[in-house]
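Whatever order the structure lists them in is the order used to number ligands and atoms, beginning at 1. These numbers come from the heavy atoms of this one structure, side chains and all, not from hydrogens, waters or symmetry mates.
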Amino acid sequence: MLPPVEQLASRMAEIWDAQWLTNGGPKHAALETALGTYLDAANISLFNNGTIALITACQALRLSGEVITTPFTFAATPHVLSWNNITPVFADIDPVTMNLDPRNIEPLITNRTSAILAVHVFGTPCDVEGMQTIADRHGLKVIYDGAHAFGTTVGGRSVTSFGDATMLSFHATKLFHTAEGGALVVQNSEIKKRVDFLKNFGIQDETTVLMPGINGKMSELHAALGLLTLNMVADERKRRQVIADIYRERLGDRPELVMPPVVEGATLSQQYFAIRVRNSESRVSRDYLFDKLRQYNIYTRKYFYPLCSNYSCYRMLPSAQDHLLPVAQQVAEEVLCLPFYGGLSAQDVHRICDAILFILAA
Ligand SMILES: *Cc1c(COP(=O)(O)O)cnc(C)c1O
């Protein structure tokens, strides 16, 4: 999603006039305010990427020891724990939402557990109430990786209002983006203050450094791009809704395929359209469909495959053993993200569906 380059050029001219490139300039302030309003998130802090935002969340909430998380996610989620000297403990996922299943968390809690790190996979909200109930019972923090969940709401509430902190990613491949960027939403202004110190080396003023912080700042150039792409999000989402409706109508009644979950009372971000190919119900496997579609120049993604628990850096963990994560194993073998962006014409979506149906029938 790119704004007209002339629009960006005039915003760049404003930055040049101000001669203010980074460290909390006027574009940064304007984007932070605009996103706070858009997401109904008063305590939002912008970052240079989502990964650093999540690393900072662990520091701000003083996490240590072990954190229970999902293996069905992008590499950044468990890596953030490793960068904080925290051991990721993988728990199995829900077979419908593909999110961390709160029912699998409790048996994994030890006296070293400090938090739950869950992911709103493909923008589908986690069981936020279930997660909080278990966290409260055991005195744990709850952090969400909301990299897919920009604009997701649950029961009319922004998904960022649940848990102790939610990370958002504004990478170029996400729905709303700043080329590279991210944010952290926390639940009160005291913690936001701490987050804002942490993302600027822990600096309070010219002669006072409060804590060992990091450089997590978003530049004025990235913020300027964000102010333009934010204006495009509502329209992009509408276009994607049309595409999603075509996919569901054309593919929804095939017994070999599972459509993305519909969650009652939730509005989804529309960041991905992830189907599943039921390998057990179909003579066509996900991998076969993926390969065949490439021959038609249709590029899908096996996202997330492999599981993080199968990475060489994690597979020796006791919680990473395949037989402990049967649902996640199956979902990773079945999932397939279809082409999904506003610039895709209805005609092309129909051609993609034609190809899928042809391959399944043949
Ligand atoms: C993109 C993504 C990230 C990383 O965000 P960056 O802004 O690229 O650092 C983390 N988690 C998930 C689930 C993602 O999709």
Side-chain angles (χ1 to χ4, degrees), residues 1 31 35 39 44-59 67-84 86 88 90-91 93-94 97-100 115-126 131 142-152 159-160 163 165-185 195 198-199 214-219 221-223 225-226 229-230 260 268-274 301-309 311 313-314 328 331-332 335-337 340-341:
M1 203 171 64
L31 183 61
L35 285 173
L39 299 168
I44 186 170
S45 299
L46 303 184
F47 276 81
N48 49 3
N49 63 61
T51 304
I52 296 285
L54 203 50
I55 286 178
T56 304
C58 296
Q59 296 275 326
V67 168
I68 296 172
T69 191
T70 171
F72 188 67
T73 183
F74 182 61
T77 316
H79 287 354
V80 157
L81 299 173
S82 298
W83 276 69
N84 278 287
I86 293 167
F90 296 109
I93 61 173
D94 179 281
T97 64
M98 300 176 269
N99 288 326
L100 182 59
I116 300 165
L117 170 54
V119 183
H120 302 298
V121 173
F122 306 135
T124 306
C126 290
M131 222 69 84
V142 180
I143 307 186
Y144 288 107
D145 176 336
H148 298 177
F150 186 87
T152 290
V159 80
T160 61
T166 300
M167 173 273 260
L168 299 167
S169 167
F170 307 150
H171 183 256
T173 55
K174 315 295 183 188
L175 174 68
F176 164 74
H177 78 91
T178 60
E180 290 274 6
L184 192 65
V185 178
V195 168
L198 281 167
K199 78 173 193 188
I214 198 162
N215 183 354
K217 292 170 279 121
M218 179 185 281
S219 81
L221 288 75
H222 293 86
L225 176 57
T229 52
L230 186 58
L268 304 185
S269 59
Q270 307 279 13
Q271 195 165 300
Y272 297 89
F273 196 88
R301 293 287 304 274
K302 299 178 195 180
Y303 194 59
F304 302 102
Y305 171 84
L307 296 177
C308 296
S309 49
Y311 297 171
C313 50
Y314 297 122
V331 170
V335 73
L336 194 66
C337 289
F340 196 51
Y341 52 95

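- With a 4.5 Å cut-off on side-chain heavy atoms, C58 and W83 do not count as touching.
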Given N84 and I55, is the side chain to side chain contact (heavy atoms under 4.5 Å, CB included) satisfied, shown in steps? CA-CA 7 Å; N84 278 287; I55 286 178; 4.0 Å; yes
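- Between F304 and H148, the ring planes are parallel. Angles under 30° get that label, and only those over 60° would be called perpendicular.
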Between L35 and L46, is a side chain to side chain contact (heavy atoms under 4.5 Å, CB included) present by the stated rule, with each step listed? CA-CA 9 Å; L35 285 173; L46 303 184; 3.7 Å; yes
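- Ring to ring, Y314 and H79 are close: their centroids are under 6.0 angstrom apart.
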Donor-acceptor pairs under 3.5 angstrom involving side-chain atoms of residues 175-185: please list them, not counting sequence neighbours.
{"residue": "H177", "atom": "ND1", "partner": "A179", "partner atom": "N", "Å": "3.0"}
{"residue": "H177", "atom": "NE2", "partner": "M1", "partner atom": "O", "Å": "2.7"}
{"residue": "T178", "atom": "OG1", "partner": "E180", "partner atom": "O", "Å": "2.8"}

Contacts table for ligand 1: protein N or O within a distance under 3.5 Å of ligand N or O, distances only.
{"residue": "ligand 1", "atom": "5 (O)", "partner": "S169", "partner atom": "OG", "Å": "3.2"}
{"residue": "ligand 1", "atom": "7 (O)", "partner": "G50", "partner atom": "N", "Å": "2.8"}
{"residue": "ligand 1", "atom": "7 (O)", "partner": "S169", "partner atom": "OG", "Å": "2.7"}
{"residue": "ligand 1", "atom": "9 (O)", "partner": "G50", "partner atom": "N", "Å": "3.4"}
{"residue": "ligand 1", "atom": "9 (O)", "partner": "T51", "partner atom": "N", "Å": "2.9"}
{"residue": "ligand 1", "atom": "9 (O)", "partner": "T51", "partner atom": "OG1", "Å": "2.6"}
{"residue": "ligand 1", "atom": "11 (N)", "partner": "D145", "partner atom": "OD1", "Å": "3.4"}
{"residue": "ligand 1", "atom": "11 (N)", "partner": "D145", "partner atom": "OD2", "Å": "2.7"}
{"residue": "ligand 1", "atom": "15 (O)", "partner": "H148", "partner atom": "NE2", "Å": "2.9"}
{"residue": "ligand 1", "atom": "15 (O)", "partner": "K174", "partner atom": "NZ", "Å": "2.6"}
{"residue": "ligand 1", "atom": "15 (O)", "partner": "Y303", "partner atom": "OH", "Å": "3.3"}

